[in-house]
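Keep in mind the model is a prediction, meaning the values are calculated, not measured. Naming convention: chains lettered A, B, ... in sequence-line order (proteins, then strands); numbering from 1 in each chain.
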2 protein chains.
Amino acid sequence: MASQAEENYLKALLHLSSEKEAINVSALSTLLKVSKPTANSMIKNLKEQGYVHYEKYKPLLLTDAGRKAAALVVRKHRLTEMYLVEKMGFGWEEVHEIAEQVEHVKAPVFFDRMDELLEHPTEDPHGSPIPDKDGNILQRHYMSLSKCQAGDRVRLAALKNSSKDFLEFLDKRGLNLGVSVQVETVEPFDGSVVICYQEKRESLSAQVCNQLMVEYE
Amino acid sequence: MASQAEENYLKALLHLSSEKEAINVSALSTLLKVSKPTANSMIKNLKEQGYVHYEKYKPLLLTDAGRKAAALVVRKHRLTEMYLVEKMGFGWEEVHEIAEQVEHVKAPVFFDRMDELLEHPTEDPHGSPIPDKDGNILQRHYMSLSKCQAGDRVRLAALKNSSKDFLEFLDKRGLNLGVSVQVETVEPFDGSVVICYQEKRESLSAQVCNQLMVEYE
DNA sequence: TTAATAAGTTAGATTAATCTAACAAATTTA
DNA sequence: TAAATTTGTTAGATTAATCTAACTTATTAA
Ligand SMILES: [Mn+2]
Ligand SMILES: [Mn+2]
Ligand SMILES: [Mn+2]
Ligand SMILES: [Mn+2]
């Protein structure tokens, strides 16, 4: 079974490959906060195990087995986050660090039980999809709030970024997933947007709008 | 913060010292299934950190700091076991292996939340005491069922041994903690005991009775 | 009280995961 | 295209946790 380090690398590789098909070692080492030689040597190890395609100086690519293994780690991570929020009462900004550790528990039944108790959730507390038991990830195609126009009525469905700072920013404004939002104005100059929701009116910078994924109601 | 290995050694040392004040390296290495040199070198490490008193060839002794650190690991372990049984519906025979891993999560708030949700339990699913947040362990002085006499009416309060086999043996007979038991006969020859409980009559070997801790009702 | 056995230690090796320093290859910029 | 920059690799060292082999000390049995 994969070690904690291996599981973390697999997750990072899957994450990077979702933004750009081919992955480079630098991005991996930056994301995981390890040196490039460290990442390089782990890549050789993962190649040995059949999880990545790799040739010297060429970009990295997850194999099918690698993608599946990675998705199953993501599944454990997101089930844990959902469990922590729904069953233990944690805030969505607290759960990532805990899940980062709990995801490595070697006891499939533990995660299966979370899945059951949560009644097979399909998204985590930040709106990201929870891969199924075969490692398939149902990609939702939400739209960024920054693509909306004045007058649009949308529901906040997911976050592109789930950093603690951002989550706390949203908490302060009562911007939770599921909230229905009316786009009032879009400022052409800087892309900032004024929205109305739950009797509130807020102006959000383009940077924030980019991170907010919405769908039409 | 202590590594997983260090936490496991501390727990083992506390466990061994509960049976015999002074601990020897052999017992430790046997319990943890590592070689004696491995145990020896970890002892030197723990001594460096102020967790054990140790001089070459002399028996091992936990320091106050070591005993406290160990008790806090045991606290995490037992809170986890209790949480798994009470909140997640696991059987008492399934939880030890999972807790053995979860206990190493570095997130005090995670265990504090379990403690709250369980309303500050004082015993784990096997009747063992859960140390408090300062590492104090309230020792209950239960009596072994093998010390009982015909006619005694007692309640099953704890298990001295919680191996999977033993737990399954008890499950098959409906012998759960809290069950009220009437001692029918005690066989002087082999120490076996016939008990009545919940419309059932069972004969238990001395070996089993030794592991069953009871209290008068 | 010696001899046998058990317990404990030292030395040295191994593995996984990490690092820095040095260098090579690829890409970008001028 | 040549120079500068970025990216990737190799070599070699380190640390934690483990092992085996060989040896020493302590305990137990004859
Ligand atoms: Mn997360
Ligand atoms: Mn992790
Ligand atoms: Mn246990
Ligand atoms: Mn453990």
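Toward the 5′ end of DNA chain C lies the nearest nucleotide of A:Ala5, the other residue of the pair A:Ala5 and A:Lys56 mapping further downstream. Between B:Asn45 and B:Lys36, the residue anchored closer to the 5' end of DNA chain D is B:Asn45, taking for each the nucleotide with the nearest heavy atom.
Note on B:Lys106 versus B:Glu7: salt bridge recorded, some NZ/NE/NH1/NH2 to OD/OE distance being below 4.0 Å.
Note on B:Tyr9: every side-chain N or O is 4.0 Å or more away from OP1 and OP2 of D:dA16. Phosphate contact (OP1/OP2 of C:dC19, side-chain N/O of A:Thr38, threshold under 4.0 Å): present. Taking side-chain N and O atoms only, A:Ser35 has a distance below 4.0 Å to OP1 or OP2 of C:dC19.
Listed nucleotides: C:dA17, D:dT9, C:dG8. Nearest to the side chain of B:Val25: C:dG8. Distances were taken from every side-chain heavy atom of A:Tyr57 (C-beta onward) to each of D:dA17, D:dT9, D:dA21; the shortest belongs to D:dT9. Checking D:dA11, D:dT20, D:dG8 against every side-chain atom of A:Pro37, the shortest atom distance belongs to D:dA11.
Taking the six-membered ring where tryptophan is involved, the planes of A:Tyr83 and B:Tyr83 are perpendicular, since the angle between them exceeds 60° and thus also 30°.
Put simply, CG on A:Leu16 is 13 Å from P on D:dT7, counting in whole angstrom units. Atom CD of A:Glu55 is separated from atom C1' of D:dT9 by 14 Å (rounded to the nearest Å). If you measure from atom CE of A:Met42 to atom P of C:dA16, you get 10 Å, rounded to the nearest angstrom. When rounded to the nearest whole Å, the span between NZ of B:Lys58 and P of C:dT9 equals 11 Å. Regarding B:Leu28, its CG atom lies at a distance of 15 Å from the C1' atom of C:dT9, rounded to whole Å. The CG-P distance, from A:Leu60 to D:dT7, rounds to 13 Å in whole Å. Between the C1' atom of D:dA16 and the CG atom of B:Asn8 lies a distance of 14 Å, rounded to the nearest Å. Computed from coordinates, the A:Ile43 CD1 to C:dA17 C1' distance equals 14 Å when rounded to whole Å.
Proximity of a side-chain donor or acceptor of B:Arg113 to a complementary backbone N or O of A:Gly89 within less than 3.5 Å is detected.
Among the protein residues, B:Asn40 comes within range of the nucleic acid bases, having at least one heavy atom under 4.0 Å from a base atom. Residue contacts for B:Ser26: at a heavy-atom cut-off of 4.0 Å it reaches the sugar-phosphate backbone alone, with no base atom in range. Counting any heavy atom pair closer than 4.0 Å across all strands shown, B:Lys44 reaches sugar-phosphate atoms only and no base atom. Using a 4.0 Å heavy-atom cutoff across all strands shown, A:Ser41 reaches at least one base atom of the nucleic acid.
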**Prompt:** Is there a side-chain hydrogen bond (donor to acceptor under 3.5 Å, both in side chains) between B:Gln4 and B:His104 once you walk through the steps?
**Reply:** CA-CA 6 Å; B:Gln4 299 202 3; B:His104 303 295; 4.6 Å; no

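Here the shortest heavy-atom pairing between A:Ala70 and A:Leu10 reads CB-O, 3.4 Å.
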